[in-house]
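Let me begin by presenting the structure, written as structure tokens, before commenting on it.
We count ligands from 1, going down the list as the structure has it; atoms in each ligand are counted the same way.
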Amino acid sequence: MNFFKRLFSWKKKPSKIEDEQEDEIVDSDDNKIDKKESKKLKKIAEPEPEPEPEPEPEPEPEPEPEPEPEPEPEPEPEPEPEPEPEPEPEPEKKKKVGFFKRLFKKTDKENLDKSLEKTSKSFFDKIKKAVVGKTKVDVQVLDDLEEILITSDVGVKTTIKIIESIEERVAKDKYTNAQELDVILKEEIGNIIYDDKKEDFNINDKPYVILVVGVNGVGKTTSIGKLAKFFKSQGLSVLIGAADTFRAAAIEQLEEWSGRAEVDLIKQKMGSDPASVSFDTLNSAINKDYDVVIIDTAGRLHNKVNLMNELSKISRVMQKLKQEAPHEILLVLDGSTGQNAYEQAKQFSEVTKVTSMMVTKLDGTAKGGVVIGISDQLNIPIKYIGTGESIDDIELFDKVDFVESFFQNKSK
Ligand code: GDP
Ligand code: GDP
Ligand code: MG
């Protein structure tokens, strides 16, 4: 039976040469070696030889009538009583996918390396000390490593996770060379970083609204300027809303950034209702057909309830104009505050539905390890990182590039 199926599947092969081989095999049943070899060939040529994995072709004793060994063996056994209510929304989704705009920016490796230099150097100086004079990764080395990770702002939970996975590996290979610790670490850290590569903007549903939240001073306004310029460079039109109406200086500062990015801005007087500014901004963006709206907010976390109310009011009011707004709630975190940034991320995600993060000020800090803990613990993608005070000091967060730069002292 299997034998037949295999023959059939061979017949499906597109290659004429292989078809000839098959004929030969069928005609001359004496050369079984040829058969095996051609099977091997087939395996090399086609990585998925599906006919084999199906273990249930036996119940039906009539293999000849159906010469198509299709890989779907489930149509008969499952009567599927479910009425499947979701066939309609699916095509819609699929239609929209075609309208996603994928943001692209090649990582400025030099800039990223420079930003993470302090973090990386401080981390590996400690590692070097921990493994000096050691030939294998023993309990002492692992203890030291745990301390190093924690003091590098990776965070306790994530550190424990990393240590446990390294322990497991070391247990398998008792003589893991201490000098290879960084190789193992690199792999484990790479595995742990949450990296969600989703399409960025649904152009079909424009304007795409981004609500920027975060504690005062983390770099929201600066980051909005950077984002505006970046989006513009991607061919998108951008409108900024100055909904941090708490201080006059905040509005002026945002105006300055919108000028640098050469994008438009909607503002009201200081002290006006942030929800009203957001409404005006979205309204204008809809009328003038902008692609992206970015709303700046005042991030006063001192009162969770107030903040929650303010952010949900902004969303609610914008939803009068556009049901889906805001499409994205981007939390900005100051990476130089280390574990504090992690605490903020936790608190903000309790207050509002944070959908993405930007970690700023990774330049000039040794606390960049916090990125590892945040992305592991929160399951919210870090989309961008801030690498300086200038408008172009922004990188799309890429896990591989990040790990490479984090390990720059070791990969050279
Ligand atoms: P906001 O209060 O959250 O709006 O923060 P601001 O945008 O006003 O920024 C606060 C300070 O952080 C400013 O001095 C910025 O220049 C600085 N800043 C923002 N992002 C970065 C960054 O990626 N790197 C560095 N070094 N400084 C930054
Ligand atoms: P509520 O606070 O939940 O009752 O929400 P409202 O619907 O009263 O709106 C709250 C705020 O959003 C208002 O005080 C306005 O500042 C703003 N807002 C709502 N609708 C509009 C509008 O049509 N235009 C403008 N400019 N602002 C609006
Ligand atoms: Mg600000």
Residue, atom name and distance, where the atom is the protein heavy atom closest to [atom]:
{"atom": "atom 10 (C) of ligand 1", "result": "Gly217 O, 3.5 Å"}
{"atom": "atom 27 (N) of ligand 1", "result": "Glu389 CG, 3.2 Å"}
{"atom": "atom 8 (O) of ligand 1", "result": "Gln253 NE2, 2.8 Å"}
{"atom": "atom 3 (O) of ligand 1", "result": "Lys220 N, 2.7 Å"}
{"atom": "atom 15 (C) of ligand 1", "result": "Thr222 OG1, 3.6 Å"}
{"atom": "atom 18 (N) of ligand 1", "result": "Lys361 CE, 3.6 Å"}

How does [X] reach ligand 1, by side chain, by backbone, by both or by neither, if only non-hydrogen atoms under 4.0 Å count?
{"X": "Val215", "result": "backbone"}
{"X": "Met358", "result": "neither"}
{"X": "Asp363", "result": "side chain"}
{"X": "Thr387", "result": "backbone"}

Query - Distance, nearest 0.5 Å, that separates CZ of Arg169 from CD of Glu164 - result: 15.0 Å

Query - Spatial distance of atom CZ (Phe230) from atom CG (Leu396) [nearest 0.5 Å] - result: 4.0 Å

Report task. Start with the C-alpha gap between Lys134 and Asp138, add the side-chain angles, then the distance that decides, and say whether salt bridge (Lys or Arg N to Asp or Glu O under 4.0 Å) holds. Result -> CA-CA 8 Å; Lys134 298 273 184 181; Asp138 57 15; 3.4 Å; yes

Do [X] and [Y] have a side chain donor and acceptor closer than 3.5 Å?
{"X": "Asp363", "Y": "Thr387", "value": "no"}
{"X": "Gln140", "Y": "Asp144", "value": "yes"}
{"X": "Thr159", "Y": "Glu146", "value": "no"}
{"X": "Ser276", "Y": "Gln268", "value": "yes"}
{"X": "Lys367", "Y": "Thr337", "value": "no"}

Query raised in the report: Which one of Ser336, Gly386, Gly388, Gly219 has a non-hydrogen atom at the shortest distance from atom 22 (C) of ligand 1?
Result: Gly388

Query raised in the report: Can Gly364 be said to touch ligand 1, with heavy atoms closer than 4.0 Å?
Result: no

Query raised in the report: Heavy-atom contact under 4.0 Å between Asp393 and ligand 1?
Result: no

Requested in this report: Apply the test salt bridge (Lys or Arg N to Asp or Glu O under 4.0 Å) to residues Lys229 and Asp392: give CA-CA distance (whole Å), side-chain angles for both, the deciding distance (0.1 Å), then the verdict.
Outcome: CA-CA 8 Å; Lys229 186 174 176 200; Asp392 293 317; 3.0 Å; yes

Report task. Step through it carefully: locate the ring centre of Phe201, locate the ring centre of Tyr208, and say whether they are under 6.0 Å apart. Result -> yes

Requested in this report: Within a distance under 4.0 Å of any heavy atom of Asn216, pick out the atoms of ligand 1 and give their elements.
Outcome: 2 (O)

Query raised in the report: Quick check: does Thr221 put an N/O/S atom under 2.8 Å from the Mg ion (ligand 3)?
Result: yes

Is the shortest N/O to N/O distance between [X] and ligand 1 below 3.5 Å?
{"X": "Thr360", "answer": "no"}
{"X": "Arg247", "answer": "no"}
{"X": "Ser223", "answer": "no"}

Report summary line: Per side-chain contact (heavy atoms from CB on, under 4.5 Å), Lys220 is matched among Val215, Leu254, Asp296, Asp244 by Asp296

